[in-house]
Amino acid sequence: MGKKKDAKKSTKNKDAKKSDLSSLREELRVGEGFDLAAVDTRSTPGFSGDKQLAAQLMTDTADELDDLQERLYANGRDGVGPSVLLIVQGMDTAGKGGIMRHVIGSVDPQGVELTAFKAPTKEELAHPFLWRIRRALPQPGYIGVFDRSQYEDVLIVRVHDLVPPSTWTRRYGQINAFEAGVVERGTAVIKVMLHISADEQKSRLQERLDRPDKHWKYNPGDVDERGYWDAYQESYQAALDRTSTADAPWYVVPADRKWYARLAVHQLLLDHLRDLDLQWPAATFDVDAEKARLAES
């Protein structure tokens with residue numbers, strides 16, 4: 001009987017160790033000397049558990065995430081207060097849609113502002129490249145989510161020579177200054193690159209072709225873009241080097257395992273909301289008096 005108890009205790013301790021995500025944030029953070037090519041896209045930094053445990057951890061903290069988001073929303077009801085901006089970048093099929101469904105989809109949609117940036121319109125091209133980004137920033141109390149972002153203007157434009165090198169080179173500094181201002185005004189910025197391998201991307205594109213229910217997600221242009229894979233990796237490395245700052249660092253999330261990528265982004269969002277240490281707003285009326293009025297009504 002004692003051996004069974006010891007075995008259960010050992011298993012419990014092992015699971016607790018696997019579920020410790022305290023180092024995940026730092027392990028994913030881009031610092032000096034970061035090498036994108038050295039990242040194992042199937043690795044699970046900061047987590048030694050499996051898919052089932054990852055799902056359980058997300059379920060276990062879903063209520064806390066929901067509570068923290070409601071506190072954020074409540075603190076912004078008067079038009080002031082903090083907000084959060086989650087930027088999600090990655091190659092095609094990297095899993096951005098899954099993040100939207102499984103992570104952002106778990107919180108109250110009324111407190112989320114989602115913007116999926118496509119190729120700029122004629123109106124947007126008539127303005128500086130950050131114009132459309134500024135217009136989409138989250139209001140106080142909201143979680144803003146960018147599916148692609150201002151970084152397309154130092155990624156795809158560089159790969160396809162859409163603007164002169166002098167233009168996209170200058171944009172790194174402009175982005176840093178812009179993000180510093182966003183943070184100073186009370187928005188916590190979380191920048192995530194979902195990093196997949198070329199082989200995994202090929203497998204996901206193949207799945208979209210093999211399954212009729214996935215045909216709508218397939219874009220023939222994605223195969224064309226695979227021919228620029230190395231150029232995109234070089235562009236991402238430059239963006240990470242030049243724009244991972246103390247105020248708005250990058251987090252590179254290995255994304256060949258979808259379940260890990262979702263857990264990692266879930267945890268990053270949870271950590272940043274915890275950092276805000278938000279309390280419920282105090283009542284702006286006499287609570288006891290209102291209770292008395294209500295009882296008499």
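Residue indices begin at 1 and follow the sequence shown.
- Residues His195 and Gln233 meet the side-chain proximity criterion, which asks for heavy atoms closer than 4.5 Å.
- The backbone N or O of Thr93 sits less than 3.5 Å from a side-chain atom of Arg204, completing a donor-acceptor pair.
- Within the 3.5 Å criterion, the main-chain N or O of Ser235 finds no donor-acceptor partner in the side chain of Arg158.
- Using a 4.0 Å cut-off between charged nitrogen and carboxylate oxygen, Arg211 and Asp213 count as a salt-bridge pair.
- Side chains of Glu225 and His160: a donor-acceptor N/O pair is present below 3.5 angstrom, by distance only.
- For the residue pair Gln237 and Leu36, the shortest heavy atom distance occurs at OE1-N, 2.8 Å.
- Residues Val84 and Ile99 share a single hydrophobic cluster, defined by chaining ILVMFWY side chains whose heavy atoms lie under 4.5 Å apart.
- Trp250 and Tyr151 have their aromatic ring centers within a separation under 6.0 angstrom.
- In this structure a side-chain-to-backbone donor-acceptor pair under 3.5 Å is missing from Glu124 to Phe129.
- A salt bridge between Glu290 and Arg293 is present, with a side-chain N of the basic residue lying under 4.0 Å from a carboxylate O of the acidic one.
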Discussion item. Would Ser149 and Gln89 count as a side-chain contact (heavy atoms from CB on, under 4.5 Å) here? Give the steps.
Written reply: CA-CA 7 Å; Ser149 66; Gln89 287 283 156; 2.7 Å; yes
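- No single ILVMFWY cluster, assembled from side-chain heavy atoms under 4.5 Å apart, contains both Tyr251 and Phe34.
- At a threshold of 4.5 Å between non-hydrogen side-chain atoms, the residues Ile143 and Glu113 do not count as touching.
- Contact between Val154 and Arg171 at its shortest, heavy atoms only, is CG1-CB, 3.7 Å.
- Leu268 and Leu53 fall within a single hydrophobic cluster, where Ile, Leu, Val, Met, Phe, Trp and Tyr side chains are chained together by heavy-atom contacts under 4.5 Å.
- Of the charged side-chain nitrogens involved, at least one lies within less than 4.0 Å of a carboxylate oxygen, so that Arg148 and Asp92 count as a salt-bridged pair.
- Annotation: Arg29, atom CZ; neighbour count of heavy atoms from other residues, nucleotides and ligands within 6.0 Å is above 12.
- The closest side-chain heavy-atom distance from Glu152 to Val157 is not below 4.5 Å.
- Scanning both residues, Ser244 and Pro249, for their nearest heavy atoms gives OG-CA, 3.6 Å.
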Practice prompt. Show your working on side-chain contact (heavy atoms from CB on, under 4.5 Å) between Ile104 and Val112 and close with a plain yes or no.
Written response: CA-CA 8 Å; Ile104 305 306; Val112 176; 3.7 Å; yes
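- Cluster membership for Leu28 and Leu269, using ILVMFWY side-chain heavy atoms within less than 4.5 angstrom, is shared.
- Annotation: Trp216, atom CH2; neighbour count of heavy atoms from other residues, nucleotides and ligands within 6.0 Å does not exceed 12.
- Rounded to the nearest 0.5 Å, atoms CE (Met58) and NE2 (His266) are 5.5 Å apart.
- Checked by atom type, the side-chain pair Arg25/Gln267 shows no donor-acceptor distance below 3.5 Å.
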Fill in: Verdict with reasoning, Tyr218 to Leu209, per side-chain contact (heavy atoms from CB on, under 4.5 Å)
CA-CA 7 Å; Tyr218 184 81; Leu209 287 172; 3.7 Å; yes
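- Once rounded to the nearest 0.5 Å, the distance linking CZ of Arg242 with OG1 of Thr169 reads 6.5 Å.
- A heavy-atom distance below 4.5 Å is not found between the side chains of Thr115 and Asp147.
- The shortest non-hydrogen separation linking Asp288 to Asp286 is N-OD1, 3.1 Å.
- Judged by distance alone, the side chains of Glu179 and Gln150 do bring a donor and an acceptor atom under 3.5 Å apart.
- Residue Asp153 holds its CG atom at 11.0 Å from OG1 of Thr167, rounded to the nearest 0.5 Å.
- Ion pairing of Glu123 with Arg132 is absent here, as no side-chain N (NZ or NE/NH1/NH2) approaches a carboxylate O to less than 4.0 Å.
- Looking at Gln201, its side chain never comes within 3.5 Å of a backbone N or O of Ile196 through a donor-acceptor pair.
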Practice prompt. Kindly indicate, with the supporting measurements, whether the criterion side-chain contact (heavy atoms from CB on, under 4.5 Å) is fulfilled by Ile133 and Leu130.
Written response: CA-CA 5 Å; Ile133 307 299; Leu130 288 171; 4.3 Å; yes
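- Between Asp275 atom CG and Ile190 atom CD1 the span is 9.0 Å, to the nearest 0.5 Å.
- Between Lys202 and Asp199 no salt bridge is recorded (no basic side-chain N to carboxylate O distance below 4.0 Å).
- Using a 4.5 Å cut-off on side-chain heavy atoms (C-beta onward), Leu21 and Phe47 make contact.
- Taking both residues in full, the closest heavy atoms of Tyr260 and Pro45 are given as OH-O, 2.5 Å, listed atom of the first, atom of the second, then distance.
- Side-chain contact annotation: Asp247 with Thr245, donor-acceptor N/O pair under 3.5 Å absent.
- Cation-pi geometry between Arg134 and Trp131 is not satisfied (NZ or CZ under 6.0 Å from the ring centre, within 45° of the ring normal).
- Using a 4.0 Å cut-off between a side-chain N of Lys or Arg and a carboxylate O of Asp or Glu, Asp67 and Arg71 qualify as a salt bridge.
- A 4.5 Å side-chain heavy-atom check between Pro82 and Leu278 finds at least one atom pair inside the cut-off.
- Interatomic distance, OG of Ser106 versus CG of Leu65, reported as 5.0 Å (0.5 Å rounding).
- Here the shortest heavy-atom pairing between Gln110 and Tyr142 reads O-CE2, 3.2 Å.
- Linking ILVMFWY side-chain heavy atoms closer than 4.5 Å, directly or via other members, places Phe117 and Tyr232 in a single hydrophobic cluster.
- Lys258 places none of its side-chain heavy atoms less than 4.5 Å from the side chain of His102.
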Item to complete: Could you walk me through whether Thr243 and Asn176 pass the side-chain hydrogen bond (donor to acceptor under 3.5 Å, both in side chains) test, one step at a time?
Response: CA-CA 6 Å; Thr243 63; Asn176 286 341; 4.9 Å; no
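- Taking CD from Gln56 and CG from Leu263, the interatomic distance works out to 12.0 Å, rounded to the nearest 0.5 Å.
- With a 4.5 Å cut-off on side-chain heavy atoms, Ser43 and Pro254 count as touching.
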